[in-house]
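In the text below, chain A, chain B and the rest are named by the order of the sequence lines, each starting its count at 1.
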2 protein chains.
Amino acid sequence: MDDLNRRIVGLLLRDGRATFQEIGAAVGLSAPAVKRRVDLMRARGEISGFAAIVDPHALGWDIEAYIEIFCRGNVSPAELQRELGGIPEVVGVATITGDADAIVHVMAASMAGIEESVERIRSTGRVERTRTSVVMSRLIDRPVRPRGGA
Amino acid sequence: MDDLNRRIVGLLLRDGRATFQEIGAAVGLSAPAVKRRVDLMRARGEISGFAAIVDPHALGWDIEAYIEIFCRGNVSPAELQRELGGIPEVVGVATITGDADAIVHVMAASMAGIEESVERIRSTGRVERTRTSVVMSRLIDRPVRPRGGA
DNA sequence: CGTGAAACTTGATGCTT
DNA sequence: AAGCATCAAGTTTCACG
(Lines give C-alpha, C1' and ligand atoms only; values in the text may rest on other atoms or scores of the structure.)
Protein backbone atom coordinates (compact mmCIF):
# COMPACT_ATOMS: atom_id res chain seq x y z
CA MET A 1 0.00 0.00 0.00
CA ASP A 2 1.39 3.37 -0.98
CA ASP A 3 1.35 6.59 0.93
CA LEU A 4 -1.66 7.98 -0.93
CA ASN A 5 -3.77 4.98 0.03
CA ARG A 6 -2.63 5.32 3.62
CA ARG A 7 -3.85 8.91 3.66
CA ILE A 8 -7.18 7.91 2.11
CA VAL A 9 -7.63 5.16 4.70
CA GLY A 10 -6.74 7.59 7.45
CA LEU A 11 -9.52 9.91 6.33
CA LEU A 12 -12.03 7.06 6.01
CA LEU A 13 -11.18 5.90 9.52
CA ARG A 14 -12.08 9.31 10.85
CA ASP A 15 -15.15 9.70 8.67
CA GLY A 16 -16.44 6.63 6.92
CA ARG A 17 -19.05 8.68 5.09
CA ALA A 18 -16.64 11.24 3.67
CA THR A 19 -17.39 11.83 0.00
CA PHE A 20 -14.88 10.86 -2.67
CA GLN A 21 -14.78 14.52 -3.59
CA GLU A 22 -13.79 15.59 -0.09
CA ILE A 23 -11.14 12.90 0.11
CA GLY A 24 -9.87 13.84 -3.33
CA ALA A 25 -9.58 17.48 -2.33
CA ALA A 26 -7.65 16.49 0.80
CA VAL A 27 -5.15 14.24 -0.94
CA GLY A 28 -4.96 16.01 -4.28
CA LEU A 29 -6.86 13.58 -6.47
CA SER A 30 -10.08 13.64 -8.47
CA ALA A 31 -13.16 11.86 -7.14
CA PRO A 32 -13.04 9.01 -9.69
CA ALA A 33 -9.39 8.36 -8.83
CA VAL A 34 -10.26 8.10 -5.15
CA LYS A 35 -13.17 5.80 -5.87
CA ARG A 36 -10.96 3.50 -7.91
CA ARG A 37 -8.43 3.26 -5.11
CA VAL A 38 -11.08 2.62 -2.49
CA ASP A 39 -12.76 -0.03 -4.66
CA LEU A 40 -9.41 -1.76 -5.08
CA MET A 41 -8.67 -1.69 -1.37
CA ARG A 42 -12.09 -3.18 -0.69
CA ALA A 43 -11.50 -5.89 -3.30
CA ARG A 44 -8.14 -6.72 -1.73
CA GLY A 45 -9.72 -6.86 1.72
CA GLU A 46 -7.62 -4.04 3.13
CA ILE A 47 -10.88 -2.24 3.79
CA SER A 48 -13.41 -4.86 4.81
CA GLY A 49 -16.36 -2.52 5.10
CA PHE A 50 -17.88 0.54 6.68
CA ALA A 51 -19.86 0.82 9.88
CA ALA A 52 -21.58 3.27 12.17
CA ILE A 53 -19.80 3.88 15.48
CA VAL A 54 -22.47 3.49 18.12
CA ASP A 55 -22.51 4.49 21.76
CA PRO A 56 -23.04 1.14 23.54
CA HIS A 57 -24.98 2.94 26.26
CA ALA A 58 -27.55 4.06 23.67
CA LEU A 59 -28.11 0.43 22.74
CA GLY A 60 -28.73 -0.32 26.37
CA TRP A 61 -25.35 -2.03 26.76
CA ASP A 62 -24.10 -0.76 30.09
CA ILE A 63 -21.82 -3.61 31.13
CA GLU A 64 -18.96 -5.34 29.34
CA ALA A 65 -16.78 -8.29 30.19
CA TYR A 66 -13.86 -10.33 28.95
CA ILE A 67 -14.43 -14.07 29.00
CA GLU A 68 -11.48 -16.40 28.63
CA ILE A 69 -12.54 -19.76 27.29
CA PHE A 70 -10.85 -23.11 27.79
CA CYS A 71 -11.84 -25.86 25.34
CA ARG A 72 -11.45 -29.59 25.39
CA GLY A 73 -9.59 -31.08 22.47
CA ASN A 74 -8.86 -29.05 19.38
CA VAL A 75 -10.82 -25.90 18.64
CA SER A 76 -11.17 -24.89 15.05
CA PRO A 77 -11.13 -21.10 14.79
CA ALA A 78 -13.76 -21.31 12.04
CA GLU A 79 -16.04 -23.22 14.35
CA LEU A 80 -15.60 -20.68 17.14
CA GLN A 81 -16.30 -17.88 14.71
CA ARG A 82 -19.47 -19.56 13.51
CA GLU A 83 -20.73 -20.41 16.99
CA LEU A 84 -20.00 -17.06 18.61
CA GLY A 85 -20.78 -14.90 15.60
CA GLY A 86 -24.45 -15.55 16.14
CA ILE A 87 -24.43 -13.90 19.56
CA PRO A 88 -24.95 -10.15 19.06
CA GLU A 89 -23.48 -9.26 22.44
CA VAL A 90 -20.17 -10.77 21.35
CA VAL A 91 -18.20 -7.85 19.93
CA GLY A 92 -14.76 -9.45 19.80
CA VAL A 93 -13.17 -12.89 19.69
CA ALA A 94 -9.53 -13.88 19.32
CA THR A 95 -7.61 -17.08 19.84
CA ILE A 96 -4.62 -16.45 22.08
CA THR A 97 -1.42 -17.93 23.44
CA GLY A 98 -1.25 -18.80 27.13
CA ASP A 99 -3.45 -20.98 29.25
CA ALA A 100 -6.79 -19.93 27.76
CA ASP A 101 -7.73 -20.90 24.21
CA ALA A 102 -9.55 -17.72 23.32
CA ILE A 103 -10.74 -14.43 24.73
CA VAL A 104 -14.26 -13.18 24.09
CA HIS A 105 -15.35 -9.58 24.55
CA VAL A 106 -19.04 -9.18 25.33
CA MET A 107 -21.38 -6.26 25.94
CA ALA A 108 -24.65 -6.55 27.80
CA ALA A 109 -27.49 -4.58 29.28
CA SER A 110 -27.05 -6.00 32.75
CA MET A 111 -25.14 -8.52 34.77
CA ALA A 112 -27.88 -10.98 33.89
CA GLY A 113 -27.06 -10.39 30.24
CA ILE A 114 -23.38 -11.18 30.88
CA GLU A 115 -24.39 -14.36 32.65
CA GLU A 116 -26.61 -15.29 29.74
CA SER A 117 -23.79 -14.73 27.27
CA VAL A 118 -21.46 -16.89 29.33
CA GLU A 119 -24.14 -19.57 29.39
CA ARG A 120 -24.54 -19.42 25.63
CA ILE A 121 -20.80 -19.61 25.11
CA ARG A 122 -20.58 -22.60 27.43
CA SER A 123 -23.42 -24.35 25.66
CA THR A 124 -21.64 -24.33 22.31
CA GLY A 125 -20.32 -27.73 23.29
CA ARG A 126 -16.57 -27.65 23.01
CA VAL A 127 -16.12 -25.14 25.82
CA GLU A 128 -14.95 -26.81 29.00
CA ARG A 129 -14.44 -23.86 31.31
CA THR A 130 -14.65 -20.07 31.26
CA ARG A 131 -13.13 -17.30 33.33
CA THR A 132 -15.01 -14.02 33.30
CA SER A 133 -13.57 -10.59 34.12
CA VAL A 134 -16.22 -7.89 34.31
CA VAL A 135 -15.08 -4.42 33.26
CA MET A 136 -15.27 -1.95 36.12
CA SER A 137 -14.28 1.09 34.11
CA ARG A 138 -13.09 1.50 30.55
CA LEU A 139 -10.17 3.89 30.53
CA ILE A 140 -9.12 3.85 26.89
CA ASP A 141 -10.81 2.73 23.70
CA ARG A 142 -9.25 4.11 20.57
CA PRO A 143 -9.91 3.33 16.96
CA VAL A 144 -6.92 1.69 15.33
CA ARG A 145 -4.89 4.20 13.33
CA PRO A 146 -2.41 3.74 10.50
CA ARG A 147 1.17 3.38 11.71
CA GLY A 148 3.27 6.48 11.29
CA GLY A 149 0.66 9.17 10.91
CA ALA A 150 -2.68 9.67 9.26
CA MET B 1 -34.61 5.07 21.25
CA ASP B 2 -37.49 3.28 19.60
CA ASP B 3 -37.53 0.07 17.64
CA LEU B 4 -37.33 1.81 14.27
CA ASN B 5 -34.13 3.57 15.28
CA ARG B 6 -32.70 0.31 16.52
CA ARG B 7 -33.32 -1.26 13.12
CA ILE B 8 -31.75 1.69 11.35
CA VAL B 9 -28.70 1.44 13.60
CA GLY B 10 -28.50 -2.28 12.92
CA LEU B 11 -28.36 -1.64 9.20
CA LEU B 12 -25.76 1.10 9.60
CA LEU B 13 -23.61 -1.21 11.71
CA ARG B 14 -23.51 -3.69 8.85
CA ASP B 15 -23.09 -1.06 6.14
CA GLY B 16 -22.13 2.41 7.23
CA ARG B 17 -22.40 3.71 3.68
CA ALA B 18 -25.91 2.47 3.02
CA THR B 19 -28.02 5.17 1.38
CA PHE B 20 -31.00 6.66 3.20
CA GLN B 21 -33.18 5.28 0.43
CA GLU B 22 -31.92 1.71 0.97
CA ILE B 23 -32.44 1.99 4.70
CA GLY B 24 -35.86 3.48 4.19
CA ALA B 25 -36.89 0.63 1.90
CA ALA B 26 -35.75 -1.86 4.53
CA VAL B 27 -37.59 -0.28 7.44
CA GLY B 28 -40.59 1.14 5.57
CA LEU B 29 -39.75 4.84 5.70
CA SER B 30 -38.97 7.53 3.16
CA ALA B 31 -35.38 8.65 2.66
CA PRO B 32 -35.84 12.08 4.30
CA ALA B 33 -37.46 10.46 7.33
CA VAL B 34 -34.46 8.16 7.71
CA LYS B 35 -32.05 11.06 7.33
CA ARG B 36 -33.84 13.06 10.00
CA ARG B 37 -33.68 10.12 12.39
CA VAL B 38 -30.00 9.51 11.70
CA ASP B 39 -29.22 13.22 12.12
CA LEU B 40 -31.00 13.19 15.46
CA MET B 41 -29.17 10.11 16.65
CA ARG B 42 -25.88 11.75 15.69
CA ALA B 43 -26.84 14.94 17.50
CA ARG B 44 -27.74 12.97 20.60
CA GLY B 45 -24.45 11.07 20.40
CA GLU B 46 -26.09 7.69 20.01
CA ILE B 47 -24.24 7.39 16.74
CA SER B 48 -20.87 9.01 17.31
CA GLY B 49 -19.64 8.65 13.77
CA PHE B 50 -18.85 6.41 10.85
CA ALA B 51 -15.62 4.63 10.06
CA ALA B 52 -14.02 2.31 7.57
CA ILE B 53 -13.28 -1.16 8.91
CA VAL B 54 -9.65 -1.68 8.02
CA ASP B 55 -7.52 -4.80 8.14
CA PRO B 56 -4.90 -3.99 10.82
CA HIS B 57 -2.31 -5.80 8.71
CA ALA B 58 -2.82 -3.24 5.94
CA LEU B 59 -2.07 -0.51 8.47
CA GLY B 60 1.19 -2.11 9.49
CA TRP B 61 -0.14 -3.71 12.68
CA ASP B 62 0.80 -7.36 12.37
CA ILE B 63 0.50 -8.54 15.97
CA GLU B 64 -1.82 -7.78 18.83
CA ALA B 65 -1.90 -8.89 22.43
CA TYR B 66 -3.87 -8.65 25.64
CA ILE B 67 -1.77 -7.79 28.67
CA GLU B 68 -3.24 -8.32 32.13
CA ILE B 69 -1.57 -6.08 34.66
CA PHE B 70 -1.20 -6.63 38.39
CA CYS B 71 -0.40 -3.56 40.45
CA ARG B 72 0.99 -3.10 43.93
CA GLY B 73 -1.19 -1.13 46.28
CA ASN B 74 -4.09 0.93 45.04
CA VAL B 75 -4.24 1.94 41.42
CA SER B 76 -6.11 5.07 40.49
CA PRO B 77 -7.88 4.60 37.16
CA ALA B 78 -7.02 8.18 36.24
CA GLU B 79 -3.36 7.44 36.81
CA LEU B 80 -3.49 4.33 34.64
CA GLN B 81 -5.25 6.27 31.94
CA ARG B 82 -2.62 8.98 32.02
CA GLU B 83 0.31 6.58 32.06
CA LEU B 84 -0.91 4.23 29.36
CA GLY B 85 -2.56 6.86 27.19
CA GLY B 86 0.86 8.02 26.12
CA ILE B 87 1.71 4.69 24.53
CA PRO B 88 0.40 4.75 20.94
CA GLU B 89 0.31 0.96 20.66
CA VAL B 90 -2.22 0.83 23.48
CA VAL B 91 -5.66 0.75 21.87
CA GLY B 92 -7.71 -0.28 24.88
CA VAL B 93 -7.55 -0.32 28.66
CA ALA B 94 -10.13 -1.38 31.23
CA THR B 95 -10.01 -2.11 34.93
CA ILE B 96 -11.57 -5.48 35.64
CA THR B 97 -12.79 -7.79 38.36
CA GLY B 98 -10.82 -10.95 39.03
CA ASP B 99 -7.20 -11.50 39.86
CA ALA B 100 -5.76 -8.94 37.46
CA ASP B 101 -6.24 -5.21 38.03
CA ALA B 102 -6.61 -4.23 34.41
CA ILE B 103 -6.46 -5.55 30.89
CA VAL B 104 -4.57 -3.68 28.19
CA HIS B 105 -5.06 -4.26 24.47
CA VAL B 106 -2.00 -3.46 22.36
CA MET B 107 -1.21 -3.53 18.63
CA ALA B 108 2.31 -3.77 17.29
CA ALA B 109 4.27 -4.20 14.10
CA SER B 110 6.18 -7.20 15.39
CA MET B 111 6.77 -9.35 18.43
CA ALA B 112 9.54 -6.95 19.35
CA GLY B 113 6.95 -4.21 19.42
CA ILE B 114 4.81 -6.23 21.83
CA GLU B 115 7.80 -6.78 24.06
CA GLU B 116 8.59 -3.10 24.00
CA SER B 117 5.02 -2.22 24.94
CA VAL B 118 5.10 -4.65 27.85
CA GLU B 119 8.36 -3.09 28.96
CA ARG B 120 6.87 0.40 28.83
CA ILE B 121 3.80 -0.70 30.75
CA ARG B 122 5.99 -2.31 33.41
CA SER B 123 8.13 0.77 33.71
CA THR B 124 5.20 2.99 34.66
CA GLY B 125 6.08 2.18 38.25
CA ARG B 126 3.01 0.85 39.96
CA VAL B 127 2.86 -2.28 37.82
CA GLU B 128 4.15 -5.30 39.68
CA ARG B 129 3.55 -8.10 37.21
CA THR B 130 2.05 -8.64 33.77
CA ARG B 131 0.62 -11.63 31.94
CA THR B 132 0.63 -11.39 28.16
CA SER B 133 -1.58 -13.33 25.77
CA VAL B 134 -0.60 -12.86 22.15
CA VAL B 135 -3.45 -13.03 19.65
CA MET B 136 -3.06 -15.92 17.23
CA SER B 137 -6.06 -15.09 15.11
CA ARG B 138 -8.78 -12.52 15.45
CA LEU B 139 -12.11 -14.10 14.66
CA ILE B 140 -14.55 -11.29 15.37
CA ASP B 141 -14.14 -7.55 15.76
CA ARG B 142 -17.34 -5.53 15.70
CA PRO B 143 -17.01 -1.79 15.92
CA VAL B 144 -19.67 -1.19 18.55
CA ARG B 145 -17.67 1.33 20.46
CA PRO B 146 -17.70 5.04 21.03
CA ARG B 147 -15.04 7.12 19.38
CA GLY B 148 -12.36 8.85 21.37
CA GLY B 149 -12.60 6.95 24.62
CA ALA B 150 -9.07 8.12 25.35
C1' DC C 1 -3.01 5.86 -13.21
C1' DG C 2 -4.67 9.85 -13.87
C1' DT C 3 -8.45 13.47 -15.65
C1' DG C 4 -12.78 15.61 -17.26
C1' DA C 5 -17.55 15.36 -18.81
C1' DA C 6 -22.20 13.28 -18.98
C1' DA C 7 -26.05 10.67 -17.10
C1' DC C 8 -27.78 9.06 -13.13
C1' DT C 9 -28.48 8.69 -8.03
C1' DT C 10 -28.45 10.77 -3.41
C1' DG C 11 -28.47 14.32 -0.12
C1' DA C 12 -30.55 18.29 1.89
C1' DT C 13 -34.41 21.26 2.76
C1' DG C 14 -38.91 23.65 2.71
C1' DC C 15 -43.68 22.85 2.62
C1' DT C 16 -47.94 20.16 3.69
C1' DT C 17 -50.50 16.87 6.35
C1' DA D 1 -43.02 13.03 12.63
C1' DA D 2 -43.75 11.51 8.07
C1' DG D 3 -44.33 12.23 3.05
C1' DC D 4 -43.55 14.74 -1.33
C1' DA D 5 -41.25 17.95 -4.39
C1' DT D 6 -37.18 20.27 -5.54
C1' DC D 7 -32.47 21.71 -6.38
C1' DA D 8 -27.82 21.11 -5.15
C1' DA D 9 -24.31 17.77 -4.74
C1' DG D 10 -22.06 13.34 -5.12
C1' DT D 11 -21.50 8.96 -7.68
C1' DT D 12 -20.37 6.29 -11.52
C1' DT D 13 -19.09 5.19 -16.14
C1' DC D 14 -16.54 6.18 -20.06
C1' DA D 15 -13.39 7.98 -23.56
C1' DC D 16 -8.99 9.69 -23.48
C1' DG D 17 -3.93 11.35 -22.21
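- Contact check for Val135(B) versus His105(B): no side-chain heavy atoms found under the 4.5 Å cut-off.
- For the segment residues 41-51 of chain A, the set of residues with a heavy atom within less than 4.0 Å of an atom of DNA chain D is empty.
- Across Val93(A), Leu80(A), Ile103(A), a single residue satisfies side chain to side chain contact (heavy atoms under 4.5 Å, CB included) together with Ile69(A), and that is Leu80(A).
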Note to self: Within the 4.0 Å limit for protein heavy atoms, which parts of nucleotides 1-11 of chain C are touched? Write it as a string from 5' to 3', B for base, S for sugar-phosphate only, - for none.
What the structure shows: BBSBB----SS

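- Within a 6.0 Å radius of CD in Glu128(A), more than 12 heavy atoms belonging to other residues, nucleotides or ligands are found.
- Remark: Arg131(B) does not engage Asp99(A) in a salt bridge, criterion side-chain N to carboxylate O under 4.0 Å.
- Residues Trp61(B) and Glu89(B) have side chains in contact (heavy-atom distance under 4.5 Å, counting atoms from C-beta outward).
- Taking every heavy atom of both residues into account, Val91(A) and Met107(A) meet most closely at CG1-CG, 3.8 Å.
- Looking at heavy atoms from C-beta onward, Ser48(A) lies in side-chain contact with Ile53(B) at the 4.5 angstrom threshold.
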